[in-house]
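Data first, discussion second: the structure below is written as structure tokens.
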Number of protein chains: 2
Amino acid sequence: MGSDGAEPGSVRPGGRTARVRTAVLRAAGDALAERGFAHLDLADIARRAEVGKTTVYRRWGTATGLVADLLADMAEQSLPRTETGSLLGDLRANARLVQRTLADPRQGALFKAVIAAATCEAKTAEALHHFYDVRVTEWAPCVQQAIDRGEVPEGTDTHEVIRAVSAPLYYRLLTSGGPLDEDAADQAAAAAATAAAAGAYLRGKELG
Amino acid sequence: MGSDGAEPGSVRPGGRTARVRTAVLRAAGDALAERGFAHLDLADIARRAEVGKTTVYRRWGTATGLVADLLADMAEQSLPRTETGSLLGDLRANARLVQRTLADPRQGALFKAVIAAATCEAKTAEALHHFYDVRVTEWAPCVQQAIDRGEVPEGTDTHEVIRAVSAPLYYRLLTSGGPLDEDAADQAAAAAATAAAAGAYLRGKELG
DNA sequence: CGATTAATGAAACTGGAGTTCCGTTATGGG
DNA sequence: CCCATAACGGAACTCCAGTTTCATTAATCG
């Protein structure tokens, strides 16, 4: 009569359970990149991961649930940030990192797929938001340094500046379909740096 | 033997055929907004449209095919553009229009859903790109006017400036989940106007 | 190391998404 | 107005994504 206990995989998370999760998440990433979110098939993922499909359904339940876990895993793998000494240089480094990621066939397709999945389920959306929170928080300090150097006005929302760099690149990826080349990255970085220096990202209120 | 002829609905596009298309596209929009792309069910759409499900499968085939047609229909319904006399004013009007659309529960959900669908099928992606091309082309003249007035340097990519206004709003909608309020719209407009005036969107090459 | 039981996985099962068949409706041309 | 047939729609059918069952394997605790 007691409760059903916790989620499968939480009581004995070591050994096989961990290996299964790794294999399934890897297979899920491959399948998402190759086939897209709409054509995702959990049985196919189980086959790729050399795991019983029952296991995949039991532990993750739905395609969006699996993507949510994949996003949680992706959020943990952080890339080191480079520092160049100027805001424009730092933003450009960030823009080119994002651009290279989205322009890469596998990674670009993967990001499209996880974003598509996030539009279909609140829990997956939350996982996606967390993933970007982590990435943005990693880069925000370079804007703070620019504030300290006097390049950017006090009171600027540092996170918003970082998001402003990525936004046009994601817009191209998803809606315009324009080329995601280095020029696009540099343009995004330059626009964000210029706007930030002019105080366009001051916290709390917009420019008059 | 001879060819199979054209797509169903192309030989006798009037009367019932047109009514069916209208009813199905309306039902598809409702279903996408309410349930999201992943939970889309063509039989359910047929029921809502009071149409045989055979008809929906025959004419549109797949969920992504139906969304592609919906996007073609949406591209034809254009909204009038307001003019304020200044670039910032015009961009702000555009930004608030986009913001209000995305913040609206039904429209916001619908846009998320069509973007999700577009990530899954090349034809649907093309339809989405065309939709945004139409919208951007409608607003680009206000940037040209700013160039003519001397507010923005010659050689600026007018379409890119318009896209720069929308990009941060779509970024919030899809990845950050931050509030889509008027301040967000005004900030996007101000940042784009500032960057455009500084020559960040010059065609062909980025700033040094 | 051995007992307990969480977690896995093969196989059989089920429901509904998508298809096929064919009779009915009504469009567009003459 | 009438005919040929494009397009629709109900019903029966198929097939596979997702579920259930239960035996097997191996993670954790003592």
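A quick note: this is a predicted structure, and the numbers were derived from the prediction, not measured.
The main-chain N or O of A:Ala190 is never found under 3.5 Å from a side-chain atom of A:Arg92 such that the two would form a donor-acceptor pair. Judged purely by atom type and a 3.5 angstrom limit, A:Asp90 has no side-chain atom pairing as donor or acceptor with the backbone of A:Glu83. The backbone N or O of B:Ala28 lies less than 3.5 Å from no partner atom in the side chain of B:Arg48, so there is not a single donor-acceptor pair. B:Thr156 contributes no side-chain N or O that, together with a main-chain N or O of B:Thr158, makes up a donor-acceptor pair within less than 3.5 Å.
Contacts with DNA chain D (heavy atom under 4.0 Å) in residues 26-52 of chain B: B:Val51, B:Gly52, listed by number. Of all the residues in residues 64-73 of chain A, not one reaches under 4.0 Å from DNA chain D with any non-hydrogen atom.
B:Leu174 CG to A:His129 NE2: the interatomic distance, rounded to the nearest 0.5 Å, is 8.5 Å. Annotation: the span from A:Leu66 atom CG to A:Tyr57 atom OH amounts to 10.5 Å, rounded to 0.5 Å. If you take CZ on B:Arg96 and CD on B:Glu182, they are separated by 3.5 Å, rounding to the nearest 0.5 Å. Taking CG of B:Asp73 as the start and CZ of B:Arg26 as the end, the distance is 11.5 Å to the nearest 0.5 Å. Separating the CG atom in A:Leu71 from the OG1 atom in A:Thr124 is a distance of 7.5 Å, to the nearest 0.5 Å. The line from CG of A:Leu169 to CZ of A:Arg100 is 12.0 Å long, rounded to the nearest 0.5 Å.
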task = Walk me through it: do A:Thr64 and A:Phe37 pass the test side-chain contact (heavy atoms from CB on, under 4.5 Å)?
result = CA-CA 9 Å; A:Thr64 50; A:Phe37 174 66; 3.7 Å; yes
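The only member of B:Arg59, B:Arg21, B:Lys123 that meets side-chain contact (heavy atoms from CB on, under 4.5 Å) when paired with B:Asp69 is B:Arg21. Results of the side-chain contact (heavy atoms from CB on, under 4.5 Å) test with B:Leu128 over B:Val67, B:Thr119, B:Asp133, B:Ile115 single out B:Ile115 as the only residue that passes.
Looking at A:Arg163 and A:Glu160, a side-chain N of the basic residue comes within less than 4.0 Å of a carboxylate O on the acidic one, giving a salt bridge. A salt bridge does not link A:Asp44 with A:Lys53: every distance from a Lys NZ or Arg NE/NH1/NH2 to an Asp or Glu carboxylate oxygen is 4.0 Å or more.
Between A:Phe111 and A:Phe131, the ring-plane angle classifies as tilted under the 30° and 60° cut-offs.
Once you apply a 4.0 Å limit to the heavy atoms of chain A, the touched nucleotides of DNA chain D run 5' to 3' over D:dA17 to D:dT28.
If you check the side chains of B:Asp148 and B:Gln144, you find a donor sitting under 3.5 Å from an acceptor.
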Give me, pair by pair, the N or O atoms of the protein and of nucleotides 25-28 of chain C that are less than 3.5 Å apart, along with how far apart they are.
from: C:dT25; atom 1: O2; to: B:Arg16; atom 2: NH2; distance (Å): 3.0
from: C:dT27; atom 1: O2; to: B:Arg12; atom 2: NE; distance (Å): 3.1
from: C:dT27; atom 1: O2; to: B:Arg12; atom 2: NH1; distance (Å): 2.7
from: C:dT27; atom 1: O2; to: B:Arg12; atom 2: NH2; distance (Å): 3.0
from: C:dG28; atom 1: OP1; to: B:Gly14; atom 2: N; distance (Å): 2.8

Polar atom pairs (N or O), protein with nucleotides 20-23 of chain C, under 3.5 Å:
none

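Axis deviation across the helix from C:dC1-D:dG30 to C:dG30-D:dC1 amounts to 60°, comparing end segments of five pairs, rounded to 10 degrees.
B:Ser10 comes within 4.0 angstrom of the backbone, heavy atoms only, and of no base.
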